[in-house]
There are 2 protein chains.
Amino acid sequence: MPRAQKPNSKKERRQESEKLILEAAEKVFAEAGFGGATMQLIADMAGLPKANLHYYFPTKESLYRQVVQNIFQIWLEAADVFDKADGPAEGIGAYIDAKMDISRRHPAGSKVWASEVMHRAPVIQDYLETTLMEWTEGRAAIIERWIAEGRMEPVDPRHLLYMLWATTQHYADFNHQIETLNGGTPLSDAQWDAATQSVKEIILRGIGITT
Amino acid sequence: MPRAQKPNSKKERRQESEKLILEAAEKVFAEAGFGGATMQLIADMAGLPKANLHYYFPTKESLYRQVVQNIFQIWLEAADVFDKADGPAEGIGAYIDAKMDISRRHPAGSKVWASEVMHRAPVIQDYLETTLMEWTEGRAAIIERWIAEGRMEPVDPRHLLYMLWATTQHYADFNHQIETLNGGTPLSDAQWDAATQSVKEIILRGIGITT
DNA sequence: AAAAATCTTGACCGGTTGGTCAGACTGTGG
DNA sequence: CCACAGTCTGACCAACCGGTCAAGATTTTT
């Protein structure tokens with residue numbers, strides 16, 4: 001009878017290895033970029049022989065594509081809080097909270113995403129044109145409704161969204177610069193809270209919400 | 001007597017070639033990243049044989065370093081408007097104008113800079129620790145003075161600066177995403193103005209300045 | 001005009017990279 | 001216990017990369 005004495009079974013091992021590879025790949029792609037990353041480096045970081053990577057992911061590009069899709073998924077899920085809110089203060093505030101949390105917990109993934117978009121999105125252009133486009137238009141409509149209801153100042157919804165993305169993602173993509181300016185040490189828990197508070201405070205006041 | 005019939009003279013040609021190479025390198029580094037860029041690609045884009053690149057820039061890294069330093073220079077010069085202003089509305093407003101202008105006119109350079117910082121600043125870490133650190137502390141002091149004088153809301157100066165950097169740079173680094181969401185076409189002059197206006201409006205109102 | 005200094009370039013090289021593959025290994029179903 | 005499908009890996013390869021170099025071309029200096 002096939003019990004799992006050790007975490008061994010055909011399917012378990014497969015999932016485990018894939019996860020190991022994807023995590024290593026995310027870090028290496030983030031630190032070196034797609035062009036600078038090597039399968040050997042990813043293999044070393046995952047603790048597997050290089051040929052094993054090519055068993056699970058036939059090409060470097062397919063591995064990269066999976067990493068990008070994973071972070072895009074996380075990115076999209078943060079949007080849920082936006083929909084559940086019944087007003088701009090709650091909706092945008094919670095969205096900033098969620099995106100700052102992603103920046104803190106998935107800095108590598110955020111960098112991979114940023115790098116992909118900066119390089120003209122060679123592998124996820126279709127996502128931008130479909131999923132992201134729909135998402136953006138949907139939220140822009142919500143914001144416009146809030147404006148029409150007089151619950152916030154009339155600002156261009158798209159530029160507001162860009163500002164939300166830019167500001168929150170900055171704490172992931174440029175964390176090295178922020179660390180350097182912070183005396184070479186990573187932000188503490190309290191400093192992350194302060195950062196989130198600052199961002200929320202300025203933006204919410206900026207769209208006419210008094211807390 | 002050495003007249004310049006055609007744009008030929010030793011020093012002129014040198015400057016011309018270096019400029020040609022640096023412009024090509026900026027584009028290629030921006031599009032492919034340091035690791036993905038090849039000297040051959042840069043040479044082709046500059047219309048020169050590869051060996052010629054190595055005459056002017058001994059290594060790929062030295063060429064890259066020059067590109068990064070150039071954009072850093074432009075970046076720093078935008079700060080002048082900050083100092084000349086005698087209040088937050090004028091200072092921060094003009095700074096946003098200047099940085100949006102850079103994003104528009106030097107998207108490639110901005111991307112190279114972003115990429116460099118994202119990859120933990122392997123070649124310009126010393127700049128971050130010295131020049132950028134001093135710059136940041138200087139402007140933070142100015143902002144704190146404005147706050148003490150009651151000319152703007154008490155916000156953390158550093159997080160305000162990060163927001164300025166993030167928001168303005170976003171229009172360069174993520175211009176492909178913005179173009180896609182704009183229906184696949186680049187922002188028009190009017191749209192750039194609208195973007196700048198939106199950013200200024202939200203941030204200035206966000207720090208308590210009523211226009 | 002000759003010599004010196006600077007510039008240009010095709011050909012070349014050692015090292016690295018993504019990817020392949022034959023064969024060993026291992027859990028699984030009968 | 002066996003046969004089979006799935007998993008693993010060392011060795012290998014063609015392609016490509018950054019960088020070199022010698023020899024020629026061009027400009028500057030004497």
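Note that the coordinates shown come from a computational prediction; the quantities given were computed from them, not determined experimentally.
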Is A:Arg14 near enough to D:dG6 that one of its side-chain N or O atoms lies under 4.0 angstrom from OP1 or OP2? no

May I ask you to verify if any side-chain N or O of A:Tyr55 is less than 4.0 angstrom from the OP1 or OP2 atom of D:dC8? no

Output, in order, the C-alpha distance, side-chain angles, deciding distance and verdict of salt bridge (charged side-chain N to carboxylate O under 4.0 Å, His left out) for A:Glu18 and A:Arg14. CA-CA 6 Å; A:Glu18 283 184 355; A:Arg14 183 169 195 103; 3.5 Å; yes

Rounded distance (Å) that lies between atom [atom2] of [N] and atom [atom1] of [X]:
{"X": "B:Gln15", "N": "D:dT27", "atom1": "CD", "atom2": "C1'", "answer": "16 Å"}
{"X": "B:Leu53", "N": "D:dC17", "atom1": "CG", "atom2": "C1'", "answer": "14 Å"}
{"X": "A:Glu16", "N": "D:dC8", "atom1": "CD", "atom2": "C1'", "answer": "15 Å"}
{"X": "B:Tyr64", "N": "D:dG18", "atom1": "OH", "atom2": "C1'", "answer": "17 Å"}

With a 3.5 Å cut-off and no angle check, do the side chains of A:His159 and B:Gln197 form a donor-acceptor pair? no

Shortest non-hydrogen contact from B:Val123 toward B:Glu116: N-OE2, 2.9 Å

For a quick test of reading the model, state the closest non-hydrogen atom pair linking A:Ala79 to A:Trp135 and the distance between them. CB-NE1, 2.7 Å

Is it true that atom CD of A:Glu61 has more than 12 heavy atoms of other residues, nucleotides or ligands lying nearer than 6.0 Å? no

Could you list the donor-acceptor pairs under 3.5 angstrom formed between side-chain atoms of residues 97-104 of chain A and any protein atom two or more places apart in sequence or on another chain?
unit_1	atom_1	unit_2	atom_2	d
A:Asp97	OD1	A:Lys200	NZ	3.1
A:Asp97	OD2	A:Lys200	NZ	3.0
A:Asp101	OD2	A:Arg105	NE	3.4
A:Asp101	OD2	A:Arg105	NH2	2.6
A:Ser103	OG	A:Lys99	O	3.4
A:Ser103	OG	A:Thr168	O	2.7
A:Arg104	NH2	A:Asp189	OD1	2.4

Which part of the nucleic acid, if any, lies within contact of B:Phe57, taking any heavy atom under 4.0 Å across all strands shown: a base, the sugar-phosphate backbone alone, or nothing? nothing

If the sugar-phosphate is the primed atoms plus P, OP1 and OP2 and the base is the rest, what is the B/S/- string for nucleotides 15-27 of chain C, using protein heavy atoms under 4.0 Å? --SBBBB----BS

